[in-house]
2 protein chains.
Amino acid sequence: MSRKTMVRPGGRSARVQASVHAAVRELEAEAGREALTVPLVAARAGVTPSTIYRRWGDLQELLSDVAVERLRPETEPQDTGSLRSDLEAWAEQFLEEMSAPAGRAYIRDALLGDPDGSNAGQCSAYAAEQIGVILDRAAGREEKAPGVDTVLDRVVAPMMYRILFRPQGLDTAYARRLVAGLVGPAGR
Amino acid sequence: MSRKTMVRPGGRSARVQASVHAAVRELEAEAGREALTVPLVAARAGVTPSTIYRRWGDLQELLSDVAVERLRPETEPQDTGSLRSDLEAWAEQFLEEMSAPAGRAYIRDALLGDPDGSNAGQCSAYAAEQIGVILDRAAGREEKAPGVDTVLDRVVAPMMYRILFRPQGLDTAYARRLVAGLVGPAGR
DNA sequence: ACCTTAAAGCAAATATCTTGCTTCAAGTGT
DNA sequence: ACACTTGAAGCAAGATATTTGCTTTAAGGT
């Protein structure tokens with residue numbers, strides 16, 4: 001979140017931030033990520049470039065903020081009746097979204113313009129939150145379940161690693177395999 | 001590797017590349033990563049800026065190339081007598097190096113200026129190579145051993161995930177725990 | 001030795017980024 | 001409601017960085 005946390009809650013600052021974020025999303029869609037520049041975004045947002053430089057520092061930090069927003073999950077994980085199938089469904093969807101070119105770009109943007117690591121931390125927090133919901137549900141069913149950190153280590157981390165470092169040949173079967181290895185047929 | 005693969009093997013191109021890379025390393029040490037600019041690097045390397053722009057495209061791609069070089073392991077993994085202790089020793093050292101501020105910066109740089117993912121792929125290949133050596137050694141001792149991909153999923157990926165997304169509270173005990181979970185007291 | 005050609009140098013034209021100063025408007029106190 | 005304070009936005013000039021067309025250099029081949 002770099003600097004945007006220190007804007008005044010309502011009023012002009014909030015409007016500027018909203019219009020700048022909107023401008024980034026519009027231009028990303030119209031012209032592509034490569035074509036973005038600070039002056040271009042500023043013009044579309046109806047703002048002077050120096051406003052963006054002063055609030056965000058540079059294009060990367062701005063893109064990082066926008067990327068984190070887009071990575072926020074918008075729905076609760078589905079309830080499919082068991083821990084294993086909940087995790088499978090969630091992991092498959094996660095992998096599908098994140099390994100698509102757009103998803104990878106957002107992850108990279110989120111990581112890159114992020115001097116203090118808070119944006120990256122936010123991404124991980126989103127995943128942890130979703131997994132927490134699934135595990136709580138499992139606890140409610142009296143299923144034996146691992147901890148959130150274990151799921152992050154065994155399911156989320158391997159997917160992220162491959163998305164970032166070895167983006168070839170990823171498919172949803174990989175997500176299922178990871179879940180199976182954790183909460184597998186053997187019950188463990 | 002972006003463009004540097006297409007340089008002529010010996011001669012001027014090679015000299016320019018070497019002196020530009022050296023300039024980056026020197027200036028990183030002297031002035032810090034933040035202070036680097038293309039014109040500055042060019043001046044130190046005794047080269048015109050347009051040479052760098054044409055060969056690397058921008059500063060990020062150049063830094064990415066340099067970062068990958070620095071991430072290349074320079075020694076074989078130690079032979080400590082057993083698969084488990086070999087992996088522990090390797091993972092501890094990996095985590096120590098990569099989670100240090102300099103290591104994190106290199107990883108981020110490597111990922112960042114890497115449109116086609118080949119630099120990131122190279123990082124993963126380095127790790128796979130080191131692990132391959134350890135596993136081959138284990139096979140020579142007739143120890144039961146997992147595959148390289150399993151070690152990447154269970155040991156490397158979780159460490160990388162935490163380095164990138166949750167850099168707080170990482171210590172070498174975490175590396176040992178991951179290895180133990182894979183090739184643990186239970187033998188598996 | 002002479003060609004060929006990829007890459008480097010140079011310099012002018014653009015574009016981007018920084019910064020000091022001014023103006024605006026949200027929040028605060030009377 | 002009114003003026004006051006203050007953080008953020010606008011503006012514009014100057015400093016830097018990037019792109020690009022053309023020229024020159026030198027590696028590799030004949």
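So you know, we letter chains A, B, ... as the sequences are listed, proteins then strands, and number each from 1.
The CZ-C1' distance, from B/Arg54 to C/dG9, rounds to 9 Å in whole Å. Between the CH2 atom of B/Trp56 and the P atom of C/dA8 there is a distance of 8 Å, rounded to whole Å. Atom CZ in B/Arg12 sits about 5 Å away from atom C1' in D/dT25, given to the nearest Å. We find that CD of B/Gln17 is positioned 18 Å from P of C/dA6, with the value rounded to whole Å. Here C/dA7 presents its C1' atom at 14 Å from CD1 of B/Ile52, a figure rounded to the nearest Å. Taking atom OH on A/Tyr53 and atom P on C/dA15, their separation rounds to 13 Å, with Å as the unit. The distance from atom CG of A/Leu40 to atom P of C/dC17 is 12 Å, rounded to the nearest whole Å. Rounded to whole Å, the distance from CG on B/Leu59 to P on C/dC17 is 13 Å.
A sub-4.0 Å separation between OP1 or OP2 of D/dC11 and a side-chain N or O of A/Thr48 is absent. Dashed line: the shortest gap from a side-chain N or O of A/Arg15 to OP1 or OP2 of C/dA26 is under 4.0 Å. Taking only side-chain nitrogens and oxygens, B/Arg55 comes nearer than 4.0 Å to OP1 or OP2 of C/dA8. In this model, the phosphate group of D/dG10 is not approached by any side-chain N or O of A/Ser50 to a distance below 4.0 Å at OP1 or OP2.
A salt bridge links B/Arg44 to B/Glu30: at least one charged side-chain nitrogen sits closer than 4.0 Å to a carboxylate oxygen. A salt bridge links A/Arg25 to A/Glu69: at least one charged side-chain nitrogen sits closer than 4.0 Å to a carboxylate oxygen.
For A/Thr51, taking side-chain heavy atoms from C-beta onward, the closest of the listed nucleotides C/dT16, C/dA8, D/dA9 is D/dA9.
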Per-pair distances, 0.1 Å, donor-acceptor, side chain in residues 98-109 of chain A, under 3.5 Å, sequence neighbours excluded:
from     : atom 1 : to       : atom 2 : distance (Å)
A/Ser99  : OG     : A/Leu95  : O      : 2.6
A/Arg104 : NE     : A/Ile163 : O      : 3.2
A/Tyr106 : OH     : A/Arg70  : NE     : 3.2
A/Tyr106 : OH     : A/Arg70  : NH1    : 3.0
A/Tyr106 : OH     : A/Arg70  : NH2    : 3.2
A/Arg108 : NH1    : B/Leu111 : O      : 3.0
A/Arg108 : NH1    : B/Asp114 : O      : 3.0
A/Arg108 : NH2    : B/Leu112 : O      : 3.1
A/Asp109 : OD1    : A/Arg33  : NE     : 3.2
A/Asp109 : OD1    : A/Arg33  : NH2    : 2.5
A/Asp109 : OD2    : A/Arg33  : NE     : 2.8

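In the displayed structure, B/Glu26 atom CD is contacted under 6.0 Å by more than 12 heavy atoms of other residues, nucleotides or ligands.
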